[in-house]
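Just so we're on the same page: letters track the sequence lines, and every chain starts at 1.
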Number of protein chains: 2
Amino acid sequence: MEQLEIDEQYMRKALQEAEAACQKGEIPIGAVVVCKGRIISRAHNLTETLHDVTAHAEMQAITAAADLLGGKYLTDCTLYVTVEPCTMCAGAIGWAQVPRIVYGAPDEKRGYRHYAPHAMHPRADIVGGILEDECRELMQKFFRDKR
Amino acid sequence: MEQLEIDEQYMRKALQEAEAACQKGEIPIGAVVVCKGRIISRAHNLTETLHDVTAHAEMQAITAAADLLGGKYLTDCTLYVTVEPCTMCAGAIGWAQVPRIVYGAPDEKRGYRHYAPHAMHPRADIVGGILEDECRELMQKFFRDKR
């Protein structure tokens, strides 16, 4: 399979997580961590349910992946997330030394590229725009329905 | 009591947490969250123990404080932390809308001021340098002993 096809396949898994968040009334963002061709963690935003601003999809996916691997660095992993990470998550991704990050929709308002463009590892491979329309549409629908 | 005296008093509590981290072989950083004159959470770095890069003192203190208050925003709180927050923690502090942040020693290498100077709330009151020498000395001693 081509890399783009692989990335889209895993982003669909992250989108399933985002949909699960949506059904709980949470901002629909999902993430999965893939290690050597296997999904080792999946998570979705739970900030409202847990009353916890740190419960972003990426943070939980990173914590669960490290727990599974038994070490805090995710140096053989790719993180997929439906929306561009925020400053906090980019910082966590940097600490975890994730070498490849794939996100769906850009976040012009709270995305890391504006606030902390150098938060991730300087040699990290960062790919945006995978299934961008689906990822964005889920967010837009959520906020439209909220009004 | 003068504000400086109050800040030093709470920073001593954060330093006690940092010392507890040190005794566990963790990088000695501690934090407390104060709400209306009362400490509502205290935490120290546990990244090694938990194998979790997100287990910084501030992150845990924020999560615990929000859990206690039953809401995710800490708009009536002051966060005390012995070392300048990193990008991740600054992002979390921003999301939690903490209006006042007091830190001890600056962190020239990984501190938020270099990587994400606008991560916290634009109107947040940020005070650095409280008990700076003690906070720095604890860090320096830890890394000296590690060698």
Got more than 12 heavy atoms from elsewhere within 6.0 Å of CD, Gln3(A)?
yes
Evaluate the side chain to side chain contact (heavy atoms under 4.5 Å, CB included) criterion for residues Val53(A) and Ile62(B): first the C-alpha distance (whole Å), next the side-chain angles of each, then the deciding distance (0.1 Å), finally the verdict.
CA-CA 8 Å; Val53(A) 296; Ile62(B) 288 171; 4.1 Å; yes
Quick one: what part of His114(B) sits under 4.5 Å from any heavy atom of chain A, side chain, backbone, both or neither?
neither
Please tell me whether Ile6(A) and Val32(A) are part of a single hydrophobic cluster in this structure, the criterion being side-chain heavy atoms less than 4.5 Å apart.
yes
According to a hydrophobic-cluster definition based on side-chain heavy atoms being under 4.5 Å apart (Ile, Leu, Val, Met, Phe, Trp, Tyr only), do Ile29(B) and Phe142(B) belong together?
yes
More than 12 foreign heavy atoms under 6.0 Å from CZ of Arg144(A): is that the case here?
yes
Which residues in residues 87-113 of chain A have any heavy atom lying under 4.5 Å from a heavy atom of chain B?
Thr87(A), Met88(A), Gly91(A), Ala92(A), Trp95(A), Ala96(A), Arg110(A)
Same hydrophobic cluster for Tyr80(B) and Val83(B), using side-chain heavy-atom links shorter than 4.5 Å among ILVMFWY?
no
Are Tyr10(A) and Ile40(A) grouped together when hydrophobic residues (ILVMFWY) are joined by side-chain heavy atoms under 4.5 angstrom apart?
no
Residue by residue, scan residues 17-27 of chain A and write down, ordered by number, those that have a heavy-atom distance under 4.5 Å to chain B; if none do, write 'none'.
none
For residues 116-135 of chain A, give me every residue with a non-hydrogen atom less than 4.5 Å from any non-hydrogen atom of chain B.
Ala116(A), His118(A), Ala119(A)
Can you get from Met139(A) to Val81(A) by hopping between Ile, Leu, Val, Met, Phe, Trp and Tyr side chains that sit under 4.5 Å apart?
yes
Determine which pairs satisfy salt bridge (Lys or Arg N to Asp or Glu O under 4.0 Å) with at least one residue from residues 51-74 of chain A, sequence neighbours left out, and list them in order.
Lys72(A)-Glu48(B)
Chain B contacts, top residue of Leu50(A), Leu74(A), Leu69(A), Thr63(A) (heavy-atom pairs, under 4.5 Å):
Thr63(A)
